[in-house]
Amino acid sequence: MDPVNADHEFLLHHSAVEAAPRLLGAILRHESPDGPVAVRLTEVEAYLGAHDSPNPDPGSHGYKGRTERNAVMFGPAGYMYVYFTYGMHFCANIVCGTAGTSTGVLMRAGEIVEGKDLAYTRRPAAKNEQELAKGPARLTQALGIDRQHNGIEVFRSPVTLQLADHPPSPQHLSTGPRVGVSGPGGGHEYPWRFWLSGNKTVSVYRAAKPRQPPVV
DNA sequence: GGTCCGATAGGCT
DNA sequence: GCCTATCGGACCG
């Protein structure tokens, strides 16, 4: 499988944990029939592999093995895994690393750098520019990405990804526990949420809900 | 600013 | 049946 460019080559040879900080500042652009919208990624989360891969991750959708739903995650790097959640939202990941391991980066937030008007029409609830793509489901909504984009390439129209010229300096990079991952795979054991320090479009952190509420 | 809670449908045990 | 890699509106300060 020939990489289409240097950015694709990079994804092929790195796990999601290595690729995630490199994706901060990258531009993801979607050209829909209604027009283009592009975001600069400001917050991402890395998910590593299935239980039988070199880097198992209980928080990963692929942890328990391949199913029809997560099949794209087990494919080659450079494809987009889009899943439906909470009965109404879509979230998008970029598949990384070696095919079969099921490692990918969830895109959690970004700032709109092109197509702001179209993004507002897709996100009427947004009170300001910073809310347009603040959160994983808001980001897909602003970009116009849904289930029909599951399994498409991210280096070929209508979706194109372009990495930043340089990774963020340590001073501009923050890390912490992943949002919403409860039980094994959550908390500080897996500090694989990465964001641009101080950026206004980064979604607020909420600790994952415990499986059973504490008894008072 | 923060916190709480309902909506809603599909995946998986 | 239970759970979910969430959002937005209501309400409180």
Side-chain angles (χ1 to χ4, degrees), chain A residues 15-17 19-20 23-24 28 39 41-51 55-74 79-97 101-110 119-151 175-195 198 200-214 216:
Chain A
S15 76
V17 169
L23 282 169
L24 292 174
L28 185 72
V39 301
L41 297 177
T42 57
E43 181 191 1
V44 297
E45 274 175 9
Y47 288 84
L48 285 187
H51 60 90
N55 295 300
D57 173 12
S60 169
H61 275 193
Y63 181 65
K64 292 173 184 167
R66 181 182 179 136
T67 66
E68 192 172 341
R69 178 212 204 188
N70 64 25
V72 175
M73 283 282 280
F74 285 83
Y79 287 76
M80 194 154 64
Y81 167 50
V82 182
Y83 67 89
F84 184 62
T85 191
Y86 288 105
M88 60 189 102
H89 300 301
F90 294 98
C91 297
N93 301 255
I94 294 171
V95 178
C96 302
T101 59
S102 184
T103 179
V105 176
L106 170 69
M107 297 178 283
R108 287 198 56 89
Y120 268 113
T121 68
R122 286 172 174 159
R123 298 241 331 105
K127 297 183 191 67
N128 54 58
E129 194 175 309
Q130 293 159 356
E131 280 191 0
L132 286 171
K134 181 180 187 165
R138 292 168 170 177
L139 183 144
T140 58
Q141 205 179 345
L143 284 171
I145 286 171
D146 59 29
R147 70 174 86 243
Q148 76 185 95
H149 303 281
N150 185 40
T175 70
R178 294 179 291 190
V179 177
V181 181
S182 57
H188 296 269
E189 314 272 323
Y190 298 82
W192 294 337
R193 173 182 178 234
F194 301 84
W195 66 95
K200 298 282 198 294
T201 66
V202 174
S203 57
V204 288
Y205 173 72
R206 297 202 194 295
K209 265 191 199 168
R211 285 166 184 256
Q212 294 179 335
V216 182

### Query
Stepwise, does the side-chain contact (heavy atoms from CB on, under 4.5 Å) test hold for A:Leu48 with A:Ser15?
CA-CA 7 Å; A:Leu48 285 187; A:Ser15 76; 3.9 Å; yes
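- The side chain of A:Ala125 lies closest to C:dG8, out of B:dA7, C:dT6, C:dG8.
- Ring-base stacking between A:Tyr47 and C:dA5 is satisfied, the centre separation being under 5.5 Å and the plane angle under 30°.
- Side chain of A:Asn93, nearest nucleotide from C:dA5, B:dA7, B:dC12: C:dA5.
- One interatomic measurement links the two molecules: CG of A:Asn70 to C1' of B:dG11, which rounds to 10 Å at whole-angstrom precision.
- Side-chain atoms of A:Lys64 lie closest to B:dT13 of the nucleotides B:dA9, C:dG8, B:dT13.
- Residue A:Ser203 is classed as having no contact, given no heavy-atom separation below 4.0 Å to the nucleic acid.
- Cation-pi geometry between A:Arg147 and A:Phe90 is not met: the NZ or CZ atom fails to fall both under 6.0 Å from the ring centre and inside 45° of the normal.
- Rounded to whole angstrom, the span from the CE atom of A:Met88 across to the P atom of C:dT4 amounts to 15 Å.
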### Task
Could you please spell out the steps behind the side-chain contact (heavy atoms from CB on, under 4.5 Å) verdict for A:Arg108 and A:Leu139?
CA-CA 7 Å; A:Arg108 287 198 56 89; A:Leu139 183 144; over 6 Å; no
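- Pairing for C:dA5 is absent, judged as Watson-Crick or G-U wobble with the two contacts each under 3.5 Å.
- OP1 and OP2 of C:dC7 both lie 4.0 Å or more from every side-chain N or O belonging to A:His89.
- Under the side-chain contact (heavy atoms from CB on, under 4.5 Å) test applied with A:Met107, the options A:Leu41, A:Leu143, A:Thr140 reduce to a single match, A:Leu41.
- Side-chain contact of A:Ser203 with A:Glu43: a donor-acceptor pair under 3.5 Å is present, judged by distance alone.
- For B:dA7, its base never sits under 3.5 Å from the side chain of A:Tyr86 at any donor and acceptor pair.
- Checking C:dG8, C:dA5, B:dC12 against every side-chain atom of A:Leu106, the shortest atom distance belongs to C:dA5.
- Rounded to whole angstrom, the span from the NZ atom of A:Lys127 across to the C1' atom of C:dG9 amounts to 8 Å.
- The phosphate of B:dA9 has neither OP1 nor OP2 within less than 4.0 Å of any side-chain N or O from A:Thr85.
- If you take CD of A:Glu131 and C1' of C:dT6, they are 14 Å apart, rounded to a whole angstrom.
- When distances are taken from the side chain of A:Arg123 to each of C:dG8, B:dC12, B:dA9, the shortest belongs to C:dG8.
- A:Leu139 places its CG atom 13 Å from the P atom of C:dG8, with the value rounded to the nearest Å.
- Among the atoms of the strands shown, none is found under 4.0 Å from any heavy atom of A:Arg178.
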